[in-house]
K.L.:
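My questions all concern the structure below.
In this chain, residues are counted from 1 in sequence order. Any value given below was found using the heavy atoms of this structure, including those in side chains, with hydrogens, waters and symmetry copies removed.
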Amino acid sequence: MCSEAMSYAQRLTILLASACLSVPSAGGHIQTRQSPPVDDAAWTAAVVKADALLAQLSFDEKIDMVTGTDPLSSLGCIGNIAPVPRLNFSGICYSDGASGVNRADLVTVFPTGVTTGSTWDKDIIYRRGVAIGQEFRGKGYHAALAPVAGPLGRHPLGGRNWEGFSPDPYLTGVAMSATIEGMQSNGIQAVAKHYIGNEQETQRTNSTLNGSRVEAISSNIDDRTLHELYLWPFVDSIRAGTSSILCSYNRLNQTYACENPDTLTRLLRDELGFRGYTVSDWYATYSAADSANAGLDMEMPGSNVAGGAVYRDGLPQAIEDGVVSLDRLDEMVRRVLTPYYLLGQDDLSFPSVDPSTLAVTATQYGQDFGLGTPEARDVRGNHSALVREIANAGAVLLKNDNDTLPLASPRHIGVFGNDAVDIIDGFVFPDPPASPIGPEFGTLDIGGGSGSQRHTYVVSPLEAIKARAEETSTRVSYIINNEFLAANDFHSLYPIPDVCIVFLKTYAAESFDRTSFEADWNSTAVVTNVAQKCNNTVVVTHSAGINTMPWATHPNVRAIIAASLPGEQTGNSIVDILWGDVNPSGRLPFTIPVTGEDYGLPVVKLASEEVTSPTAWQSNFTEGLMIDYRHFDAMDIQPLYEFGFGLSYTTFDIVSNVLVRALLADPPALASSTLAVGDSEIFNPILNATSRVSNTGSRGGATVAQLYVSFPSDSGPTGTPVRVLRGFTKSQLAPGETVEVEFPLTRRDVSYWDVEAQNWRIPTGEFEFCNLSSSGL
């Protein structure tokens, strides 16, 4: 429980010594840091260069500058702004993906966003962004369609949740900021996506039914929810200097996101001061004049699903008719060019596009251009070591009865499940997949679709376990076929191993949503049957999202590790955890429920007979701010494992006393500015909270202190969560070591969005600040 607050000002009662009790546990967390906005002088210099080129462009070249070209006609780029050789402009080459370079050979398959979010470690998130940026640059790409803050994760079964970091906006905002800073430190444009309300794949874009067009789903979100939840991490992205923001397929409040003036101009430009450019998701542009006037700067990839280039075909006439001004076109071009110069992409040292990428892209799309197999440029460096480090830091130990882990010299290890072995159906997941649950055999280290990648290799868990067991002459038995395991067929197993490790997987990909909370491939029967045979069972999940675990309380299931989607070093990283070479420090970036019904937010699905009008697909966000742990708090539902939870091989004490010191006396209720760039008041620290954490065990390890804030209950608006995450820090501690942890809080952190005032307001009354090891008290 948290103790009472002490007042120092009538408006903001925050001087606090908060006694928040926590049980000894461990996990991961990151140092909170506010990113400075892009340097104004550097931005101004880039604008000058952009204007100089703009002045020399012909009208047609200006149109080309805001109109992309198709993937298979653009050097292997997923989209491309054409070069202008006479002006020494090299063009802008785009590529997916959120976990590394898509559609390319000899690249690193990094841990996914959800795995990286599980580390709660800003330094490691930043270094991942740096490494991804290095590989994009090495391949000659100018812009990466990443990172992902939409979907945020409203729906626990959302098909692309794994590409993002967490359904908590604060955690995702910090991760977006760190990733963007890391990527752009290499001169690569970050394109934050998908803006905004893109929370399900089902009917994410328009379709045809009985010959008639049916519009994409409309995400109907109120203003407060938009600001405090779904817009929050995009604000952090702008603050970090993202070059571009990609608008999504869906409609928002009945208007398509890529032609929505409220979100593209009023919010991004006027309210937040975003200076970069907006780009459509691929084939998400449906109008020329409306989109341009709404604030869409670039159409990608230069054609819509009907085949025409909307901007190239429609903008010239719209400008001639006076519907779109020439000044607006110039503004669009200026916004597109400025990041190109800001990041030094005009420098002659910037690499050319890898000549193999067009052949790779053509192969992936089933085309043959007669290009042969040009040798790919190897951009991986030593990034495999970083992949292993991130995967280790993102592994969440959920259960460890009787100190089953780390393994203590077992004589016989059993390995079970179709996730344990090498990928056998090819080193790239098809787009779209042949099955909604992915390939049957092979370890799952990344999801499918545009956020996926082409493997050069992958270290499977079985391969890594056999290599480690060989060092001590440990016997390894295995049954990989889940059909055999679900049918209780163990005729080949003798004797019963000392420890049985079951590997489960849950696939997800772009363009469809998951349909079940349980892991794929008869997972419950597999675990239950193994546990009935083996009284020392360990379960490892490789999952694209949230799973229920009906077998978690089985007395023979002694340990559970949620390893998410860990990238190409998946086997080596899990061996590091199983044998204790690395002490697990991951924390859940979401809530694991007892049953799927506990979430109560199903993906909207309509049968064809329910589609009675072109706009039938509607998703009303009536839950407001109450998603994930906020929902569980509001409904007083006990989860299986709460947001922020994670165990360790040692013990920690997160000291109960939290000292909050005011940095600004009696701040005004309303902020003077809502800008995300420049000297914005909402990002100025006004409080500083401190506490201590100690390693009380016998092993070194990392833990996470998590700061949760409860707003005044008597003065804030209805629909305010019980508590919200507003700070975290990850500390590596030797046995017996104690460190002080610090949480700077900005005005935004202790404000709510006042819809009437259209501003951030600090409520009157007592706040409660709790330093916890997870969201559960």
Side-chain angles (χ1 to χ4, degrees), residues 66-68 78-79 81 92 94 96 98 143-152 160 163-164 176 180 189-201 203-206 215-221 226-227 230-235 237-238 242-272 274-305 309-311 314-315 324 328 331-332 335-336 339 450-451 510-511 619 676:
V66 298
T67 310
I78 188 63
I81 293 300
I92 304 175
Y94 295 80
D96 294 301
L145 302 180
V148 174
L152 182 64
R160 299 186 80 174
E163 295 185 37
M176 291 289 287
I180 290 166
Q189 297 183 33
V191 183
K193 64 180 189 180
H194 306 83
Y195 180 79
I196 191 169
N198 181 188
E199 293 298 317
Q200 67 174 63
E201 292 299 285
Q203 195 63 21
R204 65 173 182 170
T205 189
N206 60 56
E215 305 300 344
I217 194 163
S218 178
S219 296
N220 303 318
I221 312 176
L226 193 69
H227 277 83
Y230 301 102
L231 187 62
W232 184 291
F234 284 103
V235 174
S237 302
I238 295 169
T242 188
S243 295
S244 178
I245 290 178
L246 180 146
C247 55
S248 52
Y249 290 114
N250 57 282
R251 292 179 293 152
L252 179 74
N253 297 331
Q254 311 306 320
T255 301
Y256 276 101
C258 289
E259 56 182 35
N260 192 319
D262 191 55
T263 54
L264 294 178
T265 295
R266 185 184 69 83
L267 288 180
L268 281 187
R269 304 299 188 195
D270 300 340
E271 183 178 308
L272 301 176
F274 175 53
R275 299 184 293 191
Y277 64 94
T278 55
V279 56
S280 71
D281 205 341
W282 269 227
Y283 312 104
T285 310
Y286 304 112
S287 64
D290 287 349
S291 296
N293 288 332
L296 179 65
D297 298 311
M298 180 190 294
E299 175 203 0
M300 271 292 173
S303 62
N304 63 21
V305 289
V310 177
Y311 270 13
L315 273 182
V324 177
R328 171 59 186 141
E331 178 192 26
M332 294 159 66
R335 289 186 182 278
V336 169
S450 64
E510 180 179 5
S511 77
S619 182

K.L.:
Counting distance only, does the side-chain N/O of Ser218 pair as donor-acceptor with the main-chain N or O of Gln254 below 3.5 Å?
P.N.:
yes

K.L.:
Indicate the atoms forming the closest heavy-atom contact of Ala294 with Leu264, along with that distance.
P.N.:
O-CB, 3.3 Å

K.L.:
Between atom CG of Leu268 and atom CD1 of Ile238, what is the distance when rounded to the nearest 0.5 Å?
P.N.:
5.0 Å

K.L.:
Tell me, please, which residues at least two apart from Glu199 pass salt bridge (charged side-chain N to carboxylate O under 4.0 Å, His left out).
P.N.:
none

K.L.:
With sequence neighbours left out, what residues match Ala216 under side-chain contact (heavy atoms from CB on, under 4.5 Å)?
P.N.:
Tyr256

K.L.:
Can you tell me how far the CD atom of Glu163 sits from the CG atom of Asp96, to the nearest 0.5 Å?
P.N.:
8.5 Å

K.L.:
What heavy-atom pair brings Tyr311 and Leu296 nearest, and what distance separates the two atoms?
P.N.:
OH-O, 2.8 Å

K.L.:
Heavy atoms only: give me the nearest Ile221-Leu252 pair and the separation to one decimal.
P.N.:
CD1-CD1, 3.7 Å

K.L.:
Any side-chain to backbone donor/acceptor pair from Thr278 onto Gly295? Under 3.5 Å, distance only.
P.N.:
yes

K.L.:
Is it the case that the side chain of Tyr249 and the backbone of Trp282 share a donor-acceptor pair, with hydrogens and angles ignored and the cut-off at 3.5 Å?
P.N.:
yes

K.L.:
For residues Ser619 and Gln203, determine if any side-chain heavy atom of one lies less than 4.5 Å from a side-chain heavy atom of the other.
P.N.:
no

K.L.:
If you measure from CG on Leu145 to CE on Met300, what distance do you get to the nearest 0.5 Å?
P.N.:
8.5 Å

K.L.:
Where do Asn206 and Tyr286 land on the side chain to side chain contact (heavy atoms under 4.5 Å, CB included) test, with the steps shown first?
P.N.:
CA-CA 10 Å; Asn206 60 56; Tyr286 304 112; 3.2 Å; yes

K.L.:
Can any side-chain N or O of Ser248 pair as donor or acceptor with the backbone N or O of Tyr195 at less than 3.5 Å?
P.N.:
yes

K.L.:
Just by distance, do the side chain of Arg328 and the backbone of Ala292 share a donor-acceptor pair under 3.5 Å?
P.N.:
yes

K.L.:
Taking salt bridge (charged side-chain N to carboxylate O under 4.0 Å, His left out) as the test, write out the residues that go with Arg335, two or more places apart.
P.N.:
Glu331

K.L.:
At their closest point, which heavy atom of Ser219 faces which heavy atom of Asn250, and how far apart are they?
P.N.:
OG-ND2, 3.9 Å

K.L.:
Looking at Phe274, is its backbone amide N or carbonyl O close enough to the side chain of Arg269 to form a donor-acceptor pair, meaning the two atoms are under 3.5 Å apart?
P.N.:
yes

K.L.:
Do Gln189 and Tyr277 have a side chain donor and acceptor closer than 3.5 Å?
P.N.:
yes

K.L.:
Check salt bridge (charged side-chain N to carboxylate O under 4.0 Å, His left out) between Glu201 and all other residues, then give those that pass, not counting sequence neighbours.
P.N.:
Arg204

K.L.:
Between Ala309 and Gly302, what is the shortest heavy-atom contact and its length?
P.N.:
CB-O, 2.6 Å

K.L.:
For the residue pair Val66 and Asp297, establish whether any side-chain heavy-atom pair is separated by less than 4.5 Å.
P.N.:
no

K.L.:
Would you indicate whether the side-chain heavy atoms of Ile180 and Pro147 approach each other to under 4.5 Å?
P.N.:
yes

K.L.:
Which heavy atom in Cys247 sits nearest to a heavy atom in Ser280, and how many Å separate them?
P.N.:
SG-CA, 3.5 Å

K.L.:
Can you tell me how far the NE2 atom of His194 sits from the CZ atom of Phe234, to the nearest 0.5 Å?
P.N.:
8.5 Å

K.L.:
For Asp262, which residues count as a salt bridge (charged side-chain N to carboxylate O under 4.0 Å, His left out) partner, sequence neighbours excluded?
P.N.:
Arg266

K.L.:
Any chance the side chains of Glu259 and Asn293 put a donor and an acceptor closer than 3.5 Å?
P.N.:
no

K.L.:
Supply the atom-to-atom distance Cys258 SG to Met298 CE, rounded to the nearest 0.5 angstrom.
P.N.:
12.5 Å

K.L.:
What is the distance from atom CD of Glu299 to atom CG of Leu315, rounded to the nearest 0.5 Å?
P.N.:
8.5 Å

K.L.:
Decide yes or no for Leu267 and His227: does some side-chain heavy atom of the first lie under 4.5 Å from some side-chain heavy atom of the second?
P.N.:
yes

K.L.:
With heavy-atom distances below 4.5 Å as the criterion, would you say the side chains of Leu272 and Leu231 are in contact?
P.N.:
yes

K.L.:
Sequence neighbours left out, what passes side-chain hydrogen bond (donor to acceptor under 3.5 Å, both in side chains) with Thr67? Give chain and number order.
P.N.:
none

